[in-house]
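These values consider heavy atoms only, across backbone and side chains, with no hydrogens, waters or symmetry-generated copies.
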Amino acid sequence: MSACRKIEPILVVILYVWSLLIIPAYSLYGEESLELSLNGKWTLQNTNKSVLLPAEVPGCVHSALLKQGLIQDFYFRFNDVAYRWISLDNWTYTTSFCPSDELRRKQRVKLVFVGVDTVASVSLNGVVMGKTDNMFRRYEFSIGKWLIEGENKLEVNLLSPVVYTSQRSHAHSYRVPPECPPAVQKGECHVNFIRKAQSSFSWDWGPSFPTMGLWKDVRLEAFDVLQLTHLSTVPVYDSSLSQWGVQVEVYLDAVKQTAVRVRLLLAELSTEESFNMLVDPGKHKKTLSLHVNVSSQVNLWWPSGHGDQPSYRLMVTGVMLEEEVILSRETQVYFRTLELVQEPITGSPGLSFYFRVNKKPIFLKGSNWIPAHALQDMIHPADVRNLLQSAVDANMNTLRVWGGGVYEQDLFYSLCDEMGVMIWQDFMFACALYPTDPDFIETVREEVTQQVRRLKSHPSIIVWSGNNENEAALATDWFGIPVAQRPQYYKDYVSLYVDNIRAIVQQEDGSRPVLVSSPTNGAETEQEGWVAQNPYDVHYGDTHYYSYFQDCWDWTALPRTRFASEYGFQSWPSFSTLQKVSIPEDWSYSSNFSSHRQHHLGGNQQMLQQAALHYHLPESSDLLQRYKHTLYITQVMQAQCVKTQTEFYRRSQSEILDGKGHTMGALYWQLNDIWQGPSWSSIEFGGKWKMLHYFAQDFFSPVLPVCFENQDVLLVYAVSDLSQDLSFRAVISVYDWSRMDPVCTVASRPALVPGSSAEVIYKQPITALLAGCGGGSCTRLTCFLMYHLEDVSGRQRGPVSHLFLSSPKEAQGMLKPNITFSIQQDEVVGYTIHLRSSAVAAFVWLDVQDIPGRFSTNGFLMVTMNTTVTFYPWSPTSTQKLAEALTITTLRDVY
Ligand code: BMA
């Protein structure tokens, strides 16, 4: 059947297109557009034509095979290895379409691919239109003269990315390590030779699914005179005039010389300006400076927790000479200023490293973002929204879009703008050295230019950063490069990230800081010629820090860094999440499945080893129960470890000790998961919160008490992200493990804590505290502390927290609690769960299996007989379903 009868070209009077001067009778100022993605019918075929199937665009080969039932759930058990064949083959996408006469007659007709994954040759009616080699670029091919009347055939021949990288690496004159990922990752090799999500060849938290496909829209765009291809806005503050402005960039593609008048209107700010311009044939960027009316009140965009995120509607109108409106487009503009401050600190060698938003120093609290799915086309907008909402609900204000994944979709950044989530944006290079052949550099240059233009209007983005850990990889010689060869690799490094990426970013976006790597020493790295001796130097820039064998409760071993951009511990997801991709024989910690999903060498052992430092390991004779308890204990370990470390960073905000401190950021590794497996994440694949995420909600709270011991002296810090100074007192209750009422409660005198600071407000030798408590009946083994902050009116501020005085495995008097519950549906928000416990219970963990939603709190210490927790469902449920699903686990249950 001819495609021509099926696909009606859609005439869209596209608002963002101008067609001036010549007004053909058949199209009034309009551009013709033909969507080939959603409306088109595509087929997909492999090299030897043994597989032929319908395919959706946007999409990829894996998802097409899945939708046709030709493969099973690729996350199921060992399917990542079983389906390796898919990306070892080449695949061809084919479609037919019938352009209207109007479209064909346009002066310029472009075939636009918003995203091709990755190496492909595009042909139209048998003629090659061009090639692609970069998943992160948009491609346009001029196809006007190749279009025929009636049915046109479009083919995209995708080359196996695995074969491609193998060929590229072999053709390269010297090795560009790492050649292959560690065997435990079961991944593919030479991913650094392709501009594609680096984690798609496997990572230490994710499977190898080297996707291939048309992962974003495909369409024809046609016009006669002029097209507005893109619009960007960046707010600018002129402090000498105390005036806001907006730098508006319009990107134009002109067929012939054209005169246009562009009107910019910010109605809410009583601001309007018009610009006359003459556009020459070809592609152009025109920069327009809009000055905001000085008498208008501009409300600023603030990071979450520091204020609102107001935006203003900017109308952009294109006007012909005769004052006829031919274009009308609107966008949101947000106003904020931004600085990355690197300046000397009294009493400390090195430089500060912190962000100032609207002149206010802000402590960055959050985590690192990885791709939410191995197949980008399987990510639903609701998933993105839910993950970001979970970040905000846990009091995060920042996410780092890590350099081994993808530049995220537009929706991600728009939601971050609206929610006040600041973004540390890496460029997509990670944990590797990279080639610098001219064609590689050229495609990267185009990628960087396009991405910066696409993203720079988002106030959420606060820094561009060249790569993940590649400076460190060179400086600390991860890949054993002989000394004599190092200059070549250093040269390649500087060429790629400094001479190309950094230079482009500075040219395209002067409104944000650019870092070359993470971790980096920032200005000091630059001084040292871009590869610092020690990129992990705590006196400069940001650091990444992982230590799996050290006791994670020992804060003295932690780096008192300026900015902790990565740190973390692994845990396993919950049983209900794993159950979706496994069968009963997999449900033990030593199963093949458990080893298979673990991509970090020794990871499963490390988790138990770290847990065993403080907790009894599960020993139930019921093997399934033991497995579930083991998953639980890994989450307990992770939550407590990351809590200790994050609290250390937050309390180090205002002090310099031994020349170190002024920590202004804590972004743990990692927020989300790509599949159901062990990882450093605080949210499981599917959105379920791990215990760590509940802990994060507390340890990122705007007001936080931090209690710890320093050589047997107990200290409480009050950490405040508030704008105003406030007096706090620490209230510390000493509890005996064997009973519910506190043995004693002490309170410090109120102390004034300036806004945005961390101050010591209580200090006492632990022996003195215990001796003065309940007749001295408490020991480190029998008692523990619960503490919180109060303001002078006696109101609790921030969370109630706990401090153990010995490892719980050594605690004396811990009883096996019997916890009963009843559930009641709330009027509005959710379900109230009333808990009643017979004894003090540690790490009380409520789990409703796969009923989507989250609790108000979880993993808590229960020191009162009764407590209530709210469950917020994400889809309709009932008290009965919840009651049937609910399980409660506590620390004492596992041994
Ligand atoms: C850091 C990250 C990731 C990795 C994580 C855990 O190095 O940048 O590459 O997943 O550590 O190993």
Go through the steps for Gln625 and Ser620 under the test side-chain hydrogen bond (donor to acceptor under 3.5 Å, both in side chains), then give the verdict. CA-CA 6 Å; Gln625 193 60 263; Ser620 170; 6.0 Å; no
[X]-[Y] aromatic ring centre distance below 6.0 Å:
{"X": "Phe575", "Y": "Trp587", "result": "yes"}
{"X": "Tyr75", "Y": "His373", "result": "yes"}
{"X": "Phe479", "Y": "Tyr489", "result": "no"}
{"X": "Trp669", "Y": "Tyr546", "result": "no"}
{"X": "Tyr83", "Y": "His62", "result": "no"}

Kindly assign one of parallel, tilted or perpendicular to the pair Trp553 and His614, based on the angle between their ring planes and the thresholds 30° and 60°. parallel
For the residue pair Phe695 and Phe843, categorise the inter-ring angle as parallel (less than 30°), tilted (30 to 60°) or perpendicular (more than 60°).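 Parallel.
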Within-4.5 Å side-chain heavy-atom neighbours: [X] and [Y]:
{"X": "Phe871", "Y": "Val848", "result": "yes"}
{"X": "Glu566", "Y": "Glu469", "result": "yes"}
{"X": "Tyr872", "Y": "Ser856", "result": "yes"}
{"X": "Phe593", "Y": "Ile583", "result": "no"}
{"X": "Trp845", "Y": "Gln635", "result": "yes"}
{"X": "His693", "Y": "Leu671", "result": "yes"}

If the condition is side chain to side chain contact (heavy atoms under 4.5 Å, CB included), which residues does Pro535 pass it with, not counting sequence neighbours? Glu471, Ala472, Ala475
What pairs with Thr165 under side chain to side chain contact (heavy atoms under 4.5 Å, CB included), at least two apart in sequence or on another chain? His190, Phe193, Ile194, Phe201
Any carboxylate oxygen within less than 4.0 angstrom of a Lys/Arg side-chain nitrogen, looking at Lys688 and Asp847? yes
Shortest non-hydrogen contact between Asp551 and Leu613, atoms and distance: CA-CD1, 3.6 Å
Might you point out which heavy atoms bring Ala372 and Leu387 nearest each other, and give the distance in Å?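 For Ala372 versus Leu387, the nearest heavy atoms are CB-CD1, 4.0 Å.
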Is it true that Tyr407 and Gln425 share a donor-acceptor pair across their side chains at a distance under 3.5 Å?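 Not at all, the side chains of Gln425 and Tyr407 share no donor-acceptor pair under 3.5 Å.
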Check: Asp542 side chain, Phe563 main-chain N or O, donor-acceptor pair, under 3.5 Å: no
Ring of Phe648, cation from Arg650 - is the NZ or CZ under 6.0 Å from the centre and inside 45° of the axis?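 Verdict for Phe648: no cation-pi partner in Arg650.
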Would you mind telling me which of Trp572, Trp402, Phe685 makes a ring pair (Phe, Tyr, Trp, His ring centres under 6.0 Å) with Trp205?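 Considering Trp572, Trp402, Phe685, a ring pair (Phe, Tyr, Trp, His ring centres under 6.0 Å) with Trp205 is found only for Trp402.
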List for me each residue that meets side chain to side chain donor-acceptor pair (under 3.5 Å) alongside Asn397, sequence neighbours excluded, and say none if there are none.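 With neighbours one apart ignored, the set is empty.
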Only one of Ile71, Val51, Ile86 passes side chain to side chain contact (heavy atoms under 4.5 Å, CB included) with Val61, and that residue is Ile86
